[in-house]
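Structure first, commentary second.
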There are 2 protein chains.
Amino acid sequence: MNKQEIPDIIISRLPIYLRALRHMQAEGKLSTSSQELGERIGISAAQIRKDLSQFGEFGKQGTGYDIAYLIEQLREILRVERVWDVALVGMGDMGHALSRYQGFSDRGFRVAMVFDNDPAKIGGQVGNYIVRDAKELVAAIQASGIKLVMLCVPASAAQEVTNQQVEAGVKAILNYAPINLNVPAGVRVQYLDPSIGLQRMTYYLG
Amino acid sequence: MNKQEIPDIIISRLPIYLRALRHMQAEGKLSTSSQELGERIGISAAQIRKDLSQFGEFGKQGTGYDIAYLIEQLREILRVERVWDVALVGMGDMGHALSRYQGFSDRGFRVAMVFDNDPAKIGGQVGNYIVRDAKELVAAIQASGIKLVMLCVPASAAQEVTNQQVEAGVKAILNYAPINLNVPAGVRVQYLDPSIGLQRMTYYLG
DNA sequence: TAGATTGTTAATCGATTAACAATC
DNA sequence: TAGATTGTTAATCGATTAACAATC
């Protein structure tokens, strides 16, 4: 239960388990085994059991895991049993797409405000949002207590905007900009650069 | 040099090195050290040297690495010294954003064709592309020899479309759909589900 | 009950780090 | 030369897997 004892690599698998369990649930399944779950996501049954055992005993010998119960437990562990407000910064094509993304609401997230620094965009409407001036970013994030940001600005602006976010109290950044971000301890970054994703696979192309 | 001997975790770091080196180059730097590169991206100097040593000797004692030379070497190792044609499947908001993304061309990729199954979109123009009917996908990919796909269809369609792509000879899929894909050996998938990215960080939010 | 499957331990495997001779 | 930094080896650390008693 002590957080610094759970390796990050285990935490990073839990959302995968959760996603697969919800798909099983949507298919009408009521229970599953570590074996079956593992086959679906390409992870060994032993690893799934070991990972889950870090947090408690969620299964039953002989019958496996109740899907609804395990989903509930994983949501609590990951703290997505609640809904987190997220700020979206940079309303280019990627920011625009994320502002309209339907997949956040039932996974624990809500885009609460969107920012850009382009006068042509500020004040305009994108999806359900009015684009706010990036100059208000620090004050608005501080006032709202937002801890999560999705960063969709150009690489050239990403570090500066990140510094502002950190100053405003942001603790987690989903970074779409193709650049490494330097953040202080206690702030986390997940990288979603599409080119990196592709370059991780070309090595293997025959 | 034998490909099955190089661990995937090493391959997955090389694009990060490459990206950072290109930023250094853009800043006018000519050479760097494993120490300096490591500080920039949060990876130990020893690990960078160990990773690179899998592929050859690219540095000089005392002076470090020539940035232009190391970039060239990494591009060859990753096979992005050439340009790969990529098919984009699913022209919702995310597909639309990726079709207009400017970051692919100088990282080794080019969106060559885009597909959707919506009659309202087929034949229409998005960015520089005419949207093609997803029914033509297998034939078009086979004919063109495309090995890379960016998948932006809804989760409910992702596995079926993946099966078609595999049949057509696709070897690498960048998957934006929030679902695990089952693919045969020899086909690789990289996952870019934004909700998973966020859920990997909420655990740590105090 | 018999079969299935958990949670956990010990063994194995693999990745990272520290240290340093070589050398630019 | 003296200082810096590589490539590599050995040591350490951490993650995965195999196996099985417990038990549903």
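Chain A is the first sequence line, chain B the second, and so forth, proteins listed ahead of strands; every chain is numbered from 1.
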*Can you check whether A:Tyr65 has a side-chain N or O nearer than 4.0 Å to OP1 or OP2 of C:dG7?*
yes
*asked:* Going by side chain to side chain donor-acceptor pair (under 3.5 Å), name the pairs with one or both residues in residues 132-143 of chain A, residues two or more places apart or in two chains.
replied: A:Arg132-A:Glu136
*For A:Ile48 and C:dG7, give me the distance from atom CD1 to atom P, rounded to whole Å.*
12 Å
*Among pairs that include at least one residue of residues 155-169 of chain A, which meet side chain to side chain donor-acceptor pair (under 3.5 Å), considering only residues two or more places apart or in two chains?*
A:Gln159-A:Asn163
*Whole angstrom is fine here: how far is it from OH in B:Tyr69 over to P in D:dT6?*
15 Å
*asked:* Tell me the interatomic distance from A:Ile67, atom CD1, to C:dT5, atom P, rounded to whole angstroms.
replied: 13 Å
_Among residues at least two apart in sequence or on other chains, which ones pass side chain to side chain donor-acceptor pair (under 3.5 Å) with B:Asp8?_
A:Tyr204
*Qualifying side chain to side chain donor-acceptor pair (under 3.5 Å) pairs with a residue from residues 18-32 of chain A, counting only residues at least two apart or across chains*: A:Arg19-B:Asp193, A:Glu27-A:Arg40, A:Lys29-A:Glu36, A:Thr32-A:Glu36
_Test of understanding: with ring-ring contact (aromatic ring centres under 6.0 Å, His included), list the residues that count as partners of B:Phe58, not counting sequence neighbours._
none
_Residues which pass side chain to side chain donor-acceptor pair (under 3.5 Å) with B:Arg49, listed by chain and number, not counting sequence neighbours_ = B:Ser34
_All pairs passing side chain to side chain donor-acceptor pair (under 3.5 Å) where residues 60-72 of chain A contributes a residue, at least two apart_ = none
*For DNA chain D, which residues in residues 29-40 of chain A have a heavy atom at a distance below 4.0 Å?*
none
*Using a 4.0 Å heavy-atom cut-off, write out nucleotides 14-24 of chain D from 5' to 3' as B (base contacted by protein), S (sugar-phosphate only) or - (no contact).*
-SBBBB--BBB
*Which residues share a side chain to side chain contact (heavy atoms under 4.5 Å, CB included) with B:Asp118, sequence neighbours left out*: B:Asp116, B:Ala120, B:Lys121
_Between B:Tyr203 and A:Leu14, is the side chain to side chain contact (heavy atoms under 4.5 Å, CB included) condition met? List the steps._
CA-CA 10 Å; B:Tyr203 172 81; A:Leu14 301 185; 5.7 Å; no
_Under the 3.5 Å Watson-Crick or G-U criterion, the dot-bracket string of DNA chain C, with | for inter-strand pairs_ = ..||||||||||||||||||||||
Without placing hydrogens or testing angles, list every side-chain donor-acceptor pair under 3.5 Å for residues 82-98 of chain B, not counting sequence neighbours.
from	atom 1	to	atom 2	distance (Å)
B:Trp84	NE1	B:Arg79	O	2.8
B:Asp85	OD1	B:Arg110	NE	2.9
B:Asp85	OD1	B:Arg110	NH2	3.2
B:Asp85	OD2	B:Arg110	NH2	3.2
B:Asp93	OD1	A:Arg100	NE	3.1
B:Asp93	OD2	A:Arg100	NE	3.0

